[in-house]
Amino acid sequence: MAARTAFMQGNEAILEGALHAGARFFAGYPITPSSEIAELASTRLPARGGVYLQMEDEMASMGAVIGASAAGAPAFTATSGPGFSLMQENLGLAAMAEVPCVVVNVQRSGPSTGLATRPGQADVMQARWGTHGDHPSLVFAPASAQECFDLTVEAFIWAERLRTPVIGRADVVVGHLRELVALPDPEDGRALASRPRPQGPPDDYCTYRPGPDGVPPLADFGSPYIVHLNGSMHDERGYPSADPAQAGRLIQRLVAKVQARVGEMVAVRHFRHDPPEGAPPRPAVLYVAYGSTARAAREAALMLAEKGVPARLLQLKRLWPFPDSEVEAAALEAGLTVVPEMNLGQVVLEVERVVGKRRPVWSCAKSNGEPITPDEILARTLEVVGA
Amino acid sequence: MKARDYLIEEAMPLFWCRGCGNGIILHALLRALARLGKSREETVVVTGIGCFGKADDYIRTHSIHGTHGRALAIATGVKAVNPGLTVLALMGDGDCATIGGNHLIHAARRNIGVTAVVANNLNYGMTGGQFSATTPQGARSSTSSFGNPESGFDLCRLAGAAGAALVARATVYHAALLESLLVEAISCPGFSLVEVMSSCPVYYGRYNGIPDPAAMMRWWQESAVPASRYAELAPEEKQGRFPIGRLGGSDRPAFSERYARVQEAAQAGAGRWIQAGTDR
Amino acid sequence: MAKAKKRFRVTLNRAWCKDCGICVAFCPAKVFEAGERGEALVAREEDCTGCQSCVLRCPDLALEVEEATPSQAAEAVTHGG
């Protein structure tokens, strides 16, 4: 039940979501189109005893976020393409050292400075594979101001629960969109984001001894449970270890602890638009879309249904781990799948991997700094449907 | 607690090379913690990557072994949310002065209450003795066979100019002085930097004609001059010498003190523009 | 009766020592000696003045110098150190 409804920007909703989940620390470096998050954090966090730090660059921002989180404060940062690139180094540290944190990437078009700051969605694979080495990846993608709030809360919950970095991957269209957002009672947010804590005698505590869910309890710097965080390969105590068996187990556990919980996480949203009554039966077209493109795809689905073709939209709210089973089920129910996205085709590769040769999968790619329009999606669909 | 009580004995012997100065710095640091009566709980060691970045392997306090050059950024986050902690950033010259140089000047400017301990062995030891941002001009390294064409930073002057609250230098030969400077630095509420000129006989020494650990110690003994005496040396006497001791600092309020005022103002609903005090 | 000279016990942790020779070179009382293979030896413990400089400068935390208990001191005298 919403306690109040407010008209706000996507970026503002991200900040509200972070506060609701219990964020106490933000470190960042200004970059359009994410700066509103930093500006709001600079007044709202200290007002609740938290800290806003404006660091010298994005490498330092991620470093400070990790330090603050290790000291016990749920922590986050917000950036866009160029800054997200700089954060990859310490994103890997957060994954390896298992320090919870949330990184919001309000995407813009690239590469490099690209078309600053026009829309783009080309950081999908970067969010998955941007930092070097095998590592877990947990990425949410809001398509509305409401989802900016909801998925930021979700991001904090999983970051803390799984001791892992989580990426909120909005895009400039969503970040700067103003919409009504239903905000829950602030009291409901208490303890939403909480990390597993050690129990028992402090002398027995090991920073990396996993609990039954594969997640090791984490104490704060300053607590009697002495914490040894380590970005190098390490044993359960956090001491360096070059043992291949140990290394293999650790890498497997880092990925498995996230994978094991995907069933409990937000994944997709279904939309179904059927042709007017009496239209001859035809195989449905499925759109798989995410972020602001999902909104255009929904409009395209409505138009397609009016033309007599049953249209489905599977909006991906979680990009990584990729919602394989949801995509597979939806794709097999349809005659073909179209994947519109503001890049040269990234998520379409994942859809093809899941669907295989069982159904045709078409890309509807656009990468020129302009948002993809419903007409463009419709035109591409009619082209591939052959109607 | 005694100095040895902070040592992770099961990790011994030290991983560092024969005659490496890092162990001398590590020991001085443990003695300084003991002298100050710091508990393991209240102490956080942050390291970067490099030879001295391995120091956390041997210290029984809270620790985080982070990324190359970013130790000060991580330490800043720790201190900002829990100003009651004693936060130490242990780095080499590659870490602190070279890849992390930007974080160093900003940590000093921000006056965050972290103590940076820099083992300056004048080269990158871990990767095989390449020149760093503190390697003297003309010195040889595995990437400057014909003499370093660049000049090295004077880290203390750099940190001092950037606004550090306390800046000091010792050498591994002057281990007792080092211990007292560390005590002073750790007690300082603002940003403090202790640069320790440290021996790397295996790389820097070998490339520059001083491969023997004792000879390298003698080199430090002869080239380091107490700051008060150094100031009186004639310019030609300063050649090849450097000052040690407390070398500077400023008494601006530490970041956490200033930020507490920001929090108070924000909590009082003072609005968007907050006067956090001005620099002298 | 003259005050007895303080005696010190110099303990060298062989497992941690890397025979760098710093203690041999800098001990003001020349307590240490380098062996045939360059290894550090506590050769003249009885000359130790307890200044601790070897402890402070040992790069491997391999040295400890403690004041000998009266019985250890007596033993050292009996056996010629």
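In what follows, every heavy atom counts, from backbone to side chain, and hydrogens, waters and symmetry copies are set aside.
For A:Leu53, the part lying under 4.5 angstrom from a heavy atom of chain B is the side chain only. The part of B:Ile59 that comes within reach of chain A is its backbone (N, CA, C, O), which places non-hydrogen atoms under 4.5 angstrom from that chain. Only the side chain of A:Asp57 comes within contact range of chain B, with heavy atoms under 4.5 Å apart. For A:Arg48, the part lying under 4.5 angstrom from a heavy atom of chain B is the backbone only. Both the backbone and the side chain of A:Tyr52 come within contact range of chain B, each with at least one heavy atom under 4.5 Å from a heavy atom of that chain. At a 4.5 Å heavy-atom cutoff, the contact between B:Thr61 and chain A is made by backbone atoms alone.
Taking 4.5 Å as the limit, every side-chain heavy atom of A:His228 sits out of range of all side-chain heavy atoms of B:Asp56. A heavy-atom distance below 4.5 Å is found between the side chains of B:Ile64 and A:Phe221. Counting only heavy atoms from C-beta outward, the side chains of A:Glu56 and B:Arg110 approach each other to under 4.5 Å.
With respect to chain A, the highest number of heavy-atom pairs below 4.5 Å among B:Ala75, B:Gly77, B:Ala11 belongs to B:Gly77. Note on A:Ala71, A:Ala60, A:Gly222: by heavy-atom pairs under 4.5 Å with chain B, the leading option is A:Gly222. Between chain B and the residues A:Met59, A:Arg44, A:Arg24, the largest count of heavy-atom pairs under 4.5 Å involves A:Met59. The residue among B:His65, B:Lys79, B:Arg40, B:His106 with the most heavy atom pairs within less than 4.5 Å of chain A is B:His65. Comparing A:Ala73, A:Gly231, A:Pro240, A:Gly238 by how many heavy-atom pairs each has under 4.5 Å with chain B, the most go to A:Pro240. Between chain B and the residues A:Ala27, A:Ala97, A:Gly49, the largest count of heavy-atom pairs under 4.5 Å involves A:Gly49. Of all the listed residues (B:Asn82, B:Thr47, B:Asp57), the one sharing the greatest number of non-hydrogen pairs under 4.5 Å with chain A is B:Asp57. In terms of heavy-atom pairs under 4.5 angstrom with chain A, the leader among B:Arg109, B:His103, B:Glu10 is B:His103.
Taking a 6.0 Å sphere around CZ of B:Arg35, one finds it holds more than 12 heavy atoms contributed by other residues, nucleotides or ligands. In A:Tyr29, the OH atom is not crowded: 12 or fewer heavy atoms of neighbouring residues, nucleotides or ligands sit closer than 6.0 Å. Other residues, nucleotides and ligands contribute at most 12 non-hydrogen atoms within 6.0 Å of the CG atom of A:Asp134. A 6.0 Å sphere centred on CZ of B:Phe153 holds no more than 12 heavy atoms belonging to other residues, nucleotides or ligands.
When atom types are taken as modelled, the side chain of B:Gln263 and the backbone of A:Gly50 share a donor-acceptor pair closer than 3.5 angstrom. Side chain of B:His62 to main chain of A:Val227: a donor-acceptor pair is present (N/O by atom type, distance under 3.5 Å, no hydrogens or angles).
Rounding to the nearest 0.5 angstrom, the gap separating the CD1 atom in A:Ile226 from the OG atom in B:Ser63 is 9.0 Å. Distance check, rounded to the nearest 0.5 Å: OG1 of B:Thr67 to CG of A:Asn90 gives 3.5 Å. Atoms OG and NZ, from A:Ser232 and B:Lys54 in turn, are 6.5 Å apart once rounded to the nearest 0.5 Å.
Scanning both residues, B:Val78 and A:Gly67, for their nearest heavy atoms gives CG2-O, 3.3 Å.
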Point to revise | From CA spacing to verdict: side chain to side chain contact (heavy atoms under 4.5 Å, CB included), A:Val51, B:Val262 | key: CA-CA 9 Å; A:Val51 176; B:Val262 171; over 6 Å; no
